[in-house]
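All remarks here apply to the structure that follows.
Just so it is clear, the values below take in all heavy atoms, side chains as well, and ignore hydrogens, waters and symmetry mates.
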Amino acid sequence: MKKLLKSGNPYIWLTAGTLTVCLLMIGGLIVLIMINGLGVFWPHRIAKMTLQDGAVVLGEIAKRESIPHQKDSYRTKLKVGNRDVYGMDFRWVDNANIVSCEYPTESLVFERREWGNMYGFLKGLKQGDDIKPVDLKEMTVLLGTSRALFKKIRRIEKKEIGNINYDMEKYRLELKRLTFEQPTERIQKKTAAIRAHIDALERSYREKEDMLTGLYTRAREKEIVALLADGTEKAMPVLQIIRVYAPNKMGFFAKIGFYFEKLWEFVSGEPREANTEGGIFPAIFGTVMLVLIMSIAVVPLGVLTAVYLKEYASDNIVARFVRISVSNLAGVPSIVFGVFGLGFFIYFIGGGIDKLFFPESLPSPTFGTGGILWASLTLALLTVPVVVVATEEGLSSVPTSIREGAYALGATKFETLWKVVLPQATPGMLTGMILAMARAAGEVAPLMITGVVKLAPSLPLDSHFPFVHLERKFMHLGFHIYDVGFQSPNVEAAIPMVYTTTLVLLFTVLILNLTAILVRNKLRKWYSTTSI
Amino acid sequence: MVQHNIDIKRLKIPEPIVVITDLSLYYGKTLALKEITLDISKKKVTSFIGPSGCGKSTLIRCLNRLNDLIEGVTIEGNIKIDGQDIYAPAIDVTALRKKVGMVFQKPNPFPKTIYENVVYGPRVQGINKKSVLDEICEKALKKAALWDEVKDRLRTSALDLSGGQQQRICIARAIATEPEIILLDEPCSALDPIATAKIEDMLVDLKKDYTVIIVTHNMQQAARISDYTGFFMLGTLVEFNITTEIFTNPREKQTEDYITGRFG
Ligand SMILES: Nc1ncnc2c1ncn2[C@@H]1O[C@H](COP(=O)(O)OP(=O)(O)OP(=O)(O)O)[C@@H](O)[C@H]1O
Ligand SMILES: [Mg+2]
């Protein structure tokens, strides 16, 4: 026994075992998320079940499990869709109750803009009181035209009317600002000119509105009729439908194509139906932008602090105390930073900015409310210890001999620091930044009180001058997960979204980090060949 | 009486450029150098020998005030270079270090290209014109006997070179600053005989333009290349004389023991 301990082997087993456990847990987590998240967009077959009481149900099989406390009995969870008809998306069926189960090739999934999916059969196109039968091909053409129409409507709603509103708000604020000044003749002239602008805008606004109403009525005219499982007919405007597909007819490759189409829609589209459907692009965008602004803020802050602590401050009690405090900051609960951000950045600084630069829009705040800038700065404070510690480590790793080499050539302390020490410490700093980015991308709590929202009307980056709108509220993947998973009115339908969003969050962090690592390696090379 | 005392300690030499008088140095409270007095002759090679830990490095680091960087170092006595007290408060330390170049025991090139390593000093001095820098680089590398080996790879990292080449890069880097005095702290300790021979040849060559002070553990090396030799022990200067005198006719018993290998 003693010999065994002395040989050191048990310690190797212990450490290796611990490592294995850690790896297994991480691997298990990722695999769980992948399994649950990646399967969401796969077009499952549609089952048609006849039950003992004669009822017929149609839907995707979501889950099969044994009934608790009953031996050898199973039940099936069916996604029956048609929320507007049945009230909910899912239904449990006892396997004992199922008389027959088949997979009719003609059954279709209607993906709708509202009320979730509908499962049924295509009856035809409504024409007056008649129903003209259509097949899937004709249906695709119909959908194409309706999609074009929908795009046009969206463009008018978002872009054109949005621009008008934007300009109108600008003029309104200008008017208000003018009222603060002495009513000289010049000012009065200006006021009149602005009034004229506003009138013109209002006219074009009404025009657009008329146009929209026209488009909508035209779009609603075309209705199709679907046959549900229980034999009832259901009519709906073509405009309502995003796509129609027959999963039971699809081959393997068609399914793969469909899968990627849906995946692309997910990462590039906007959310629908209280975030439970559609895409998450605004959340991805918000997360990336948040992390980037945070990095821009945290790197100088952390690096300068670390340089002072390491290179200039003598190693006395004060410096040591500061160092310990900085490290301890990393252990403060993140919500505390959120509260600080709210009190300091939003109310104090933001409020001050509003009073100084945006008095015309008060009492509605511009910077005095949550926004992406304040959230980023709060996260920067939260992650500054990481950067400080990593930079200090980077600075320590620069050997004294190299510093002395520079001094011996007549370089001053600053020149040595700037040209020899800092370049060599850059990998350390960037490692700190990478850790900070990873930490910030996963942080949700402080964001909730500094500007994240479940649905942001516009991205913080758009075509309106000055293009970057740091005061705007934003969406975030982490908050999206929380919102969809726990705040959604339709939790069951949203669960798959939770996993996919988590997966996207992981990928986003991964890609951000990989980019940073690439930049780090490039920089290292670059530094070795420049005169800096 | 005092005057007489100093005359006994101090060897008369032609054209003294460095004049060290009663130099003592403490690391915190430990004495590392004790009342060193010696002169160094201009455009000659002076070598310092002595057992490990006797304070050779400490002494030459005093000459470019590199010891200032170590906390807790106190210095007594004085050092004059070109008649100027280098520890006087008004002295510009960076200017001093430009005048007194140094090559370290372990090669310490910057993690930059060969070219950037060599022109680092001139850049610090504010020279930025490429043609001038190119010329300085070539001249310095030629003096360091490295030009032929690296002229085709000036833009590659200096860290890719061999240890001996790296040491010569460091020498070229020191030369490129156009110093008057070059300090070398055991520059050949990590090198093979061939690289050592190259550097020795180069040092003898350098004597034409520079004052060279070299610390070495290699007795033959000191005998081969230096004009004057100082023997140190436990922080004191035991003997300082013309090299041939030291090696053929040492006055002190300790010196004799050390150079004949009977030391310890
Ligand atoms: N930074 C330092 N802090 C405290 N003591 C030091 C420091 N550097 C050197 N010493 C001490 O000063 C004495 C002289 O050291 P020095 O480095 O000058 O010796 P050396 O003659 O160069 O030896 P070697 O031949 O091994 O390089 C030694 O006893 C050493 O321990
Ligand atoms: Mg030494």
Side-chain angles (χ1 to χ4, degrees), chain A residues 307-320 323 391-431 519-532, chain B residues 60-61 63-71 92-128 130 133 154-160 166 169-170 173-179 182-183 185:
Chain A
V307 165
Y308 186 82
L309 272 182
K310 190 90 206 164
E311 302 287 325
Y312 288 106
S314 52
D315 197 25
N316 54 19
I317 296 187
V318 181
R320 246 175 270 169
R323 199 166 287 141
T391 307
E392 278 203 84
E393 245 152 56
L395 290 172
S396 316
S397 75
V398 180
T400 331
S401 67
I402 290 214
R403 293 166 194 256
E404 286 185 340
Y407 285 126
L409 291 172
T412 59
K413 178 147 195 172
F414 178 76
E415 281 162 344
T416 308
L417 190 64
W418 186 245
K419 292 193 163 181
V420 174
V421 178
L422 282 186
Q424 281 227 70
T426 335
M429 293 175 212
L430 287 174
T431 305
V519 169
R520 176 175 71 181
N521 296 347
K522 272 263 154 63
L523 260 187
R524 202 180 289 166
K525 226 184 230 143
W526 180 75
Y527 259 129
S528 71
T529 54
T530 55
S531 56
I532 292 178
Chain B
I60 67 165
R61 286 164 61 96
L63 299 182
N64 63 352
R65 289 189 59 173
L66 217 53
N67 283 327
D68 292 12
L69 303 173
I70 300 170
E71 252 173 79
D92 176 1
V93 181
T94 57
L96 169 75
R97 288 183 188 146
K98 281 168 200 160
K99 202 158 96 178
V100 185
M102 179 159 182
V103 177
F104 296 80
Q105 182 166 356
K106 244 177 54 198
N108 58 347
F110 304 134
K112 294 172 178 281
T113 59
I114 295 171
Y115 180 83
E116 284 303 332
N117 261 284
V118 177
V119 302
Y120 184 87
R123 273 200 206 276
V124 164
Q125 288 171 19
I127 301 171
N128 274 317
K130 189 161 178 308
L133 291 177
L154 291 178
R155 307 280 163 183
T156 58
S157 171
L159 297 180
D160 297 341
Q166 286 188 10
I169 286 283
C170 295
R173 188 173 70 182
I175 294 172
T177 329
E178 290 293 329
I182 299 179
L183 312 171
D185 191 352

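Minimum interatomic distance between N64(B) and A408(A) (heavy atoms only, all atoms of both residues): ND2-CB, 4.2 Å.
Contacts between residues 391-404 of chain A and chain B, defined by a heavy-atom separation under 4.5 Å, are made by S401(A), I402(A), E404(A).
With a 6.0 Å radius and a threshold of 12 heavy atoms from other residues, nucleotides or ligands, K106(B) has its NZ atom at or below the threshold.
In this structure, D68(B) CG and Y407(A) OH are separated by 11.0 Å, a value rounded to the nearest 0.5 Å.
Considering only heavy atoms from C-beta on, V420(A) comes within 4.5 Å of Y120(B) through its side chain.
P179(B) does not touch chain A: none of its heavy atoms, backbone or side chain, sits under 4.5 Å away. Neither the backbone nor the side chain of V119(B) comes within less than 4.5 Å of any heavy atom of chain A. Interface remark: R65(B) contributes no atoms to any contact with chain A (heavy atom separation under 4.5 Å).
Put simply, the residue from K98(B), R123(B), M102(B), R173(B) that forms a side-chain contact (heavy atoms from CB on, under 4.5 Å) with L409(A) is R173(B).
Your options are L96(B), N117(B), L69(B), T177(B), and the one with the most heavy-atom pairs under 4.5 Å with chain A is L69(B).
Looking at residues two or more places apart in sequence or on another chain, you find no side-chain hydrogen bond (donor to acceptor under 3.5 Å, both in side chains) involving Q125(B).
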